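Reckoned from all heavy atoms, side chains included, excluding hydrogens, waters and symmetry mates. Computed from a predicted structure; not experimentally measured. Naming convention: chains lettered A, B, ... in sequence-line order (proteins, then strands); numbering from 1 in each chain.
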Number of protein chains: 2
Amino acid sequence: MFSKTCEYAIRAILFIAQKSKQGVKVSIKDVAKGIDSPEFFLGKILQELSRKGIVKSLKGPTGGFYLDDESMQYSLADVVIAIDGDKIFNGCGLGLKQCSEKQPCPIHKEFKKIRSDIFKLLENSKLGEFNDLLDKRLAVLKR
Amino acid sequence: MFSKTCEYAIRAILFIAQKSKQGVKVSIKDVAKGIDSPEFFLGKILQELSRKGIVKSLKGPTGGFYLDDESMQYSLADVVIAIDGDKIFNGCGLGLKQCSEKQPCPIHKEFKKIRSDIFKLLENSKLGEFNDLLDKRLAVLKR
DNA sequence: TTAATAAAAGATATTTTTATCTTTTATTTT
DNA sequence: AAAATAAAAGATAAAAATATCTTTTATTAA
Ligand code: FES
Ligand code: FES
């Protein structure tokens with residue numbers, strides 16, 4: 001579904017969101033441990049998300065990654081688009097160069113519905129809204 | 001969503017299904033042209049589908065690939081599983097080692113629904129059922 | 001103002017996916 | 001039987017994704 005990069009990105013940002021709510025910034029190393037991802041690779045991913053303004057960062061001691069109230073309002077769809085692009089939301093399920101109503105692939109109609117469901121799910125999931133779930137350990141970011 | 005390999009596989013098998021219904025076997029080259037895929041790469045894919053019994057093949061002049069009535073009953077889900085495995089149907093959307101009800105990832109509930117919708121769509125699509133659509137050019141396999 | 005910390009940036013390496021080319025085997029037609 | 005055809009099999013190559021390591025820059029604390 002998503003690239004590995006994107007999976008790490010989502011888990012990382014939810015981890016950072018949770019910590020930010022508690023008012024603490026986290027280092028790459030902390031996040032990597034928190035979501036069980038390769039540290040240096042994650043560094044690159046967070047760098048990219050930072051460039052795109054989805055996550056905030058500060059260098060130096062007491063520095064790290066965090067989300068401000070504004071960033072908290074981004075959705076998972078924003079993260080996915082930042083990393084994997086919008087292919088999953090607009091692309092043809094059978095790999096035709098572009099999805100088209102006029103010349104649809106055989107599964108166009110059904111696939112369109114699914115794409116749209118995925119988009120809705122992600123678009124309606126704001127980064128901040130999983131904090132409680134995670135705090136209560138009703139959901140996890142690693143295992 | 002699917003790997004490129006899998007996209008080619010699905011388009012190829014629907015192409016072969018259509019031709020088979022008309023009673024003709026098709027060569028790799030014909031299929032490659034029919035779905036606009038790299039010929040040699042497609043060869044490998046059909047080889048694999050043939051090994052797994054989803055498509056039939058015969059060597060030599062008048063040979064080629066075809067689907068018999070039995071193969072026509074396979075579903076798109078069978079093709080996807082043969083090529084990409086069942087990760088898309090069972091795997092965790094955020095890349096946790098395995099999906100779990102007990103220790104779900106934050107989007108588990110919604111993602112499970114989507115996975116299931118995808119499975120239903122593919123499982124309910126038998127290879128033979130697109131022939132008419134393709135004959136009438138209400139759907140295409142290349143563009 | 002120096003040392004320590006942590007992200008940013010850049011370079012390199014590994015693995016997987018995608019693609020291509022060559023040789024062999026099976027089958028058919030002449 | 002020989003020539004032609006087409007898939008199977010095997011080898012190799014190119015590109016993309018994933019992962020790691022090193023150097024630089026910004027910031028803080030001592
Ligand atoms: S054309 Fe394939 S999904 Fe729209
Ligand atoms: S645990 Fe992630 S989808 Fe089930």
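One can place CZ of A:F2 at 16 Å from P of D:dA17, the figure rounded to the nearest angstrom. Rounded to whole Å, the distance from NZ on A:K56 to C1' on D:dT27 is 18 Å. Counting to the nearest Å, the P atom of D:dA7 and the CD1 atom of B:I54 are 18 Å from each other.
Interface residues of residues 78-85 of chain B facing DNA chain D, ordered by number: none; criterion, heavy-atom separation under 4.0 Å. Remark: B:K44, B:Q47, B:S50, B:R51 in residues 41-52 of chain B come within less than 4.0 Å of DNA chain D through at least one heavy atom. Looking at residues 8-36 of chain A, you'll see A:V26, A:S27, A:I28 sit with a heavy atom under 4.0 Å from some atom of DNA chain C.
Side-chain atoms of B:N131 and B:M72, non-hydrogen and from C-beta on, do get closer than 4.5 Å to each other. A heavy-atom distance below 4.5 Å is not found between the side chains of A:F2 and A:L76. Using a 4.5 Å cut-off on side-chain heavy atoms (C-beta onward), B:N124 and A:E110 make no contact. With a 4.5 Å cut-off on side-chain heavy atoms, A:F40 and A:I28 do not count as touching. Counting heavy atoms from C-beta on, the side chains of A:P106 and A:L94 come closer than 4.5 Å. You'll find the side chain of A:R115 reaches within 4.5 Å of the side chain of A:C99, heavy atoms only. When side chains are defined from C-beta on, A:D135 counts as touching A:Q22, because their heavy atoms get closer than 4.5 Å.
A:V24 shares a hydrophobic cluster with no other residue; no ILVMFWY side chain has heavy atoms under 4.5 Å from its own. B:L58 belongs to a hydrophobic cluster whose remaining members, ordered by chain and number, are B:Y66; membership requires side-chain heavy atoms of ILVMFWY residues under 4.5 Å apart, directly or through intermediates.
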Please produce a list of atom pairs where a protein N or O lies less than 3.5 Å from an N or O of nucleotides 28-30 of chain D.
none

- Query: A:F65 and A:L49: side-chain contact (heavy atoms from CB on, under 4.5 Å), yes or no, with the steps?
  - Reply: CA-CA 10 Å; A:F65 293 90; A:L49 290 175; over 6 Å; no
*Assess whether salt bridge (charged side-chain N to carboxylate O under 4.0 Å, His left out) is satisfied between A:R51 and A:E48, documenting all intermediate values.*
CA-CA 5 Å; A:R51 243 184 248 119; A:E48 179 67 14; 2.5 Å; yes
Report the C-alpha separation of A:F119 and A:D86 in whole Å, then their side-chain angles, then the decisive distance to 0.1 Å, and conclude whether the side-chain contact (heavy atoms from CB on, under 4.5 Å) test is met. CA-CA 10 Å; A:F119 182 70; A:D86 65 353; over 6 Å; no
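Checked for salt-bridge contact, B:K113 and A:D117 miss the test: no charged N lies under 4.0 Å from a carboxylate O.
For C:dT17, the OP1/OP2 oxygens have no side-chain nitrogen or oxygen of B:S3 closer than 4.0 Å.
With C:dA8, C:dT20, D:dA19 as the candidates, the nucleotide lying closest to the side chain of B:F40 is C:dT20.
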